[in-house]
2 protein chains.
Amino acid sequence: MNKPESPRTPLHDGVLERLRQMIIRCELQPGDRISEADLGRTFGVSRTPLREALKILSAEGLVDIRPHKGAIVADISMDEISETFALMSALELMAGPLVCERVSNIDLQMLDSLIQEMDACQLRNDLMTYFELNTEFHNRIIRLTGNSVLTQVYVDMFGKLQRARYRVNYDPQRWHESSTEHHWIMESLRARDGEELGVRLKEHNARTATAVVEGLKASSLANAQRD
Amino acid sequence: MNKPESPRTPLHDGVLERLRQMIIRCELQPGDRISEADLGRTFGVSRTPLREALKILSAEGLVDIRPHKGAIVADISMDEISETFALMSALELMAGPLVCERVSNIDLQMLDSLIQEMDACQLRNDLMTYFELNTEFHNRIIRLTGNSVLTQVYVDMFGKLQRARYRVNYDPQRWHESSTEHHWIMESLRARDGEELGVRLKEHNARTATAVVEGLKASSLANAQRD
DNA sequence: ATAACAAAGATTGCATACAAATATTGCCTT
DNA sequence: AAGGCAATATTTGTATGCAATCTTTGTTAT
């Protein structure tokens, strides 16, 4: 039915990735029940690999599994969003000095070109690609710490928040602000000022947090009125 | 065969917990292959729940699964240990002020009694219980931040490092130092001095890190000579 | 009409069976 | 004797079947 693809990659890996994307992109919304049989049919696989994928997503916090009652897409509360942003602030504060110790000119070039692409996205109003590039930008910076444990945690957090970002109607003004902040961040990087970089990353993060939380409040308010 | 226990808790949960403990306690050593059939026999379950547990442990980073080649207990490198300690330092620095804002006198009492128990363990040389109480002590402090995301990450990190702690022959002198540092930490808590608490937690952590890394170096050196 | 209960239906949890891939063993060749 | 190849054996990946649990629907009694 499907093309053979590569028989080397286990089936549940593909299922896992597809499910994760569906959840992050809000195609499956928080609270949605996940029927093993149904999803198995849509993916064309049996329940076994699907269950394995669900267990992993549960460990990642993207789904909740209630014994004998099935899996649902995990809800992410406003509190959890705020707490996650707060945690990321701490990680970025830690990252600043480490990154500046290790960042090379080639790294700077690479980040610059990412920013250029992001600016281009902004001009043609391509929010989706912007999100992906933005993720790439921030993850790369953290990866420059050379601390892979830190990076792993950061990337996970970013992924969890991505759902929230997709949900809010991004404010054009905030979008512009954000780009400016990116340029400031690059400045600190070029100056190799670790403390300053940490602070700027942290502040950028805090502003994004505010924007996302405000956006969510607004949209949930709109929903409440609609109901 | 087994007592009915509680039929409400899914089987793979029990398997998961037993496996996790076996890995943390180094009963299964890094690099050990995990045969699904074998482990299934020893636990008295089929491969299905076992595989689900393995997938979760893989997501937690305690085992590595290589497609078509089976699972092995994940190795934790010296680098990863150092990086994890560094990350925890950042988390503790962040935690300090947050904890001091929220800690109640009852919390202080509870932590005090934990310290008393730990001191007792030290007197009777009960390292195992000490480890458990120590874990409890630090996790509780972080939980007092009220940030559950931070707490989750911290607890995970602590668990990952627990393996390393179990492996090193704990230096009695370091044990004593550590107790003293715990008392300092309590002092900062009682004074509600958030900055100071953060720094003391961080320094305590850094010293533990040094002790563990040195201990591991020594024991791996001993192993190398033995071979 | 509403609430409580019961039985049918659907879904999850686990075990087993089979297919595909890898590891191992023994033989043959050089 | 050493290396390569082939056949066997073991192990993983997936599908399916059955039992236990939950959900839903329909009935009855208040």
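Naming: A, B, ... by sequence-line order, numbering from 1 per chain.
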Problem - A/V45 side chain reached by A/L50 side chain, heavy atoms, under 4.5 Å - result: yes
Exercise for the section: Taking the side chain as every heavy atom from C-beta outward, state whether A/V149 and B/M157 have any atom pair closer than 4.5 Å. Expected result: yes
Problem - Below 4.0 Å: OP1/OP2 of C/dC14 and any side-chain N or O of B/T48 - result: no
Problem - Salt bridge A/R47-A/E36, side-chain N to carboxylate O under 4.0 Å - result: yes
Handout entry: Lys/Arg N to Asp/Glu carboxylate O, A/E132 vs A/R25, below 4.0 Å
Key = yes
Fill in the blank from the handout: From CZ of A/F43 across to C1' of D/dA15 the rounded distance in Å is 18 Å
Problem - Salt bridge present between A/R20 and A/E60 (N-O < 4.0 angstrom) - result: yes
For nucleotides 9-13 of chain C, print each protein N/O atom paired with a nucleotide N/O atom at under 3.5 Å, atom names and distance only.
{"residue": "C/dG13", "atom": "OP1", "partner": "A/H68", "partner atom": "N", "Å": "3.3"}
{"residue": "C/dG13", "atom": "OP2", "partner": "A/R51", "partner atom": "NH1", "Å": "2.5"}
{"residue": "C/dG13", "atom": "OP2", "partner": "A/R51", "partner atom": "NH2", "Å": "3.2"}
{"residue": "C/dG13", "atom": "N7", "partner": "A/R47", "partner atom": "NH2", "Å": "3.0"}
{"residue": "C/dG13", "atom": "O6", "partner": "A/R47", "partner atom": "NH1", "Å": "3.4"}

Handout entry: Whole-Å distance separating the CG atom of B/L39 from the C1' atom of C/dC14
Key = 17 Å
Practice task
Before accepting this row, confirm whether a basic side-chain N of the pair A/K55/A/E52 lies closer than 4.0 Å to the acidic partner's carboxylate O.
Solution key: no
Practice task
Find the distance A/D13:CG to D/dT14:C1' and express it as a whole number of Å.
Solution key: 13 Å
